[in-house]
Amino acid sequence: MAISFDKVLGIHPQALAFRGLRAEVLAGNLANVDTPGFKARDIEFSAVLNHQLNQPEGAEATQRALKLTADTQSLMYRIPHQQSSDGNTVELGVEQSSFARNSLDFQTSLTFVRKKLSGLELAIRGGM
């Protein structure tokens, strides 16, 4: 009997990939904190997940693996709390907070994947 890693690991591998892509977007915002006219962008996990779940592909949509990617349609411009005179919408505190939260979410998903894989290893070895 073959093991279906998609069923065992659930959404966590895709969530890890998504968190990695979001980290790239947030790092880009942080790198351009002093660039005049730069517009900060972000991706919402729930918006991408809802978009993927509502794809009009019939019954196949619920059975296929979720593809959580940061395509250009998923990227949204962040609305700043305070306008800057040079048109830059990056707020250092907001970006640092979002980056830290994203890192924690990445670690959480990574912990779930590790636990699932260690459970599989234990089952394969027949240990207790």
Side-chain angles (χ1 to χ4, degrees):
M1 179 173 185
I3 296 173
S4 171
F5 284 102
D6 289 340
K7 289 182 180 177
V8 172
L9 298 176
I11 195 170
H12 297 294
Q14 290 86 9
L16 282 172
F18 175 81
R19 296 291 176 205
L21 289 170
R22 185 170 185 232
E24 290 179 19
V25 171
L26 295 173
N29 291 344
L30 287 168
N32 289 291
V33 70
D34 292 327
T35 305
F38 184 82
K39 306 294 183 203
R41 301 182 88 179
D42 198 1
I43 312 166
E44 289 288 329
F45 181 82
S46 60
V48 174
L49 180 62
N50 285 335
H51 176 73
Q52 291 292 320
L53 291 175
N54 293 324
Q55 290 293 316
E57 296 181 31
E60 192 176 311
T62 58
Q63 297 173 357
R64 66 183 158 81
L66 293 174
K67 297 175 184 170
L68 301 176
T69 59
D71 57 19
T72 55
Q73 294 177 345
S74 302
L75 288 171
M76 298 178 295
Y77 288 103
R78 194 184 299 268
I79 299 171
H81 296 288
Q82 186 172 356
Q83 296 289 335
S84 67
S85 59
D86 63 0
N88 185 315
T89 62
V90 177
E91 295 175 303
L92 186 59
V94 171
E95 298 304 328
Q96 289 174 329
S97 173
S98 296
F99 194 87
R101 175 64 195 208
N102 188 59
S103 296
L104 288 173
D105 291 342
F106 184 90
Q107 288 297 321
T108 302
S109 290
L110 189 60
T111 300
F112 278 113
V113 170
R114 283 185 183 153
K115 294 282 185 186
K116 294 278 186 173
L117 291 177
S118 66
L120 277 175
E121 181 183 10
L122 186 64
I124 290 170
R125 292 180 184 221
M128 296 184 67

CZ on Arg22 to CD on Glu44, rounded to 0.5 Å: 6.0 Å
Are any of the side-chain heavy atoms of Phe38 and Asn29 separated by less than 4.5 Å? yes
Taking His12's backbone N and O only, do any of them form a donor-acceptor pair with Ser109's side chain (distance below 3.5 Å, no angle check)? no
Taking all heavy atoms of Ala23 and all of Asn102, pick out the closest pair and write down the distance. N-ND2, 3.4 Å
Which heavy-atom pair separates Phe106 from Arg19 by the least distance, and what is that distance? CD1-CB, 3.6 Å
Leu30 and Val90: same hydrophobic cluster, using ILVMFWY side-chain contacts below 4.5 Å? yes
So Val33 and Asn88, do their side chains get closer than 4.5 Å, heavy atoms only? no
Is there a chain of hydrophobic side chains (I, L, V, M, F, W, Y, each step under 4.5 Å between heavy atoms) that links Leu21 to Leu104? no
Atom pair CD/CG of Gln107 and Leu16 - distance to nearest 0.5 Å: 9.0 Å
Under 4.5 Å between side-chain heavy atoms, counting indirect links through other Ile/Leu/Val/Met/Phe/Trp/Tyr residues: same cluster for Leu9 and Ile124 or not? yes
Indicate if Ile43 and Leu26 have the same hydrophobic cluster label, given that clusters are the connected sets of ILVMFWY residues with side-chain heavy-atom separations under 4.5 angstrom. no
How close do Val94 and His81 get, counting heavy atoms only, and between which atoms? CG2-CD2, 3.9 Å
Is there a path of hydrophobic side-chain contacts, each under 4.5 Å between heavy atoms of I/L/V/M/F/W/Y residues, joining Phe112 to Leu110? no
Quick test of your reading of the model: are Glu91 and Arg78 salt-bridged, counting only N-O distances below 4.0 Å? no
Can you check whether Phe99's main-chain N or O pairs, donor with acceptor, with Ser103's side chain at less than 3.5 Å? yes
Please report the closest heavy-atom contact between Gly87 and Lys39, naming both atoms and the distance. O-NZ, 3.0 Å
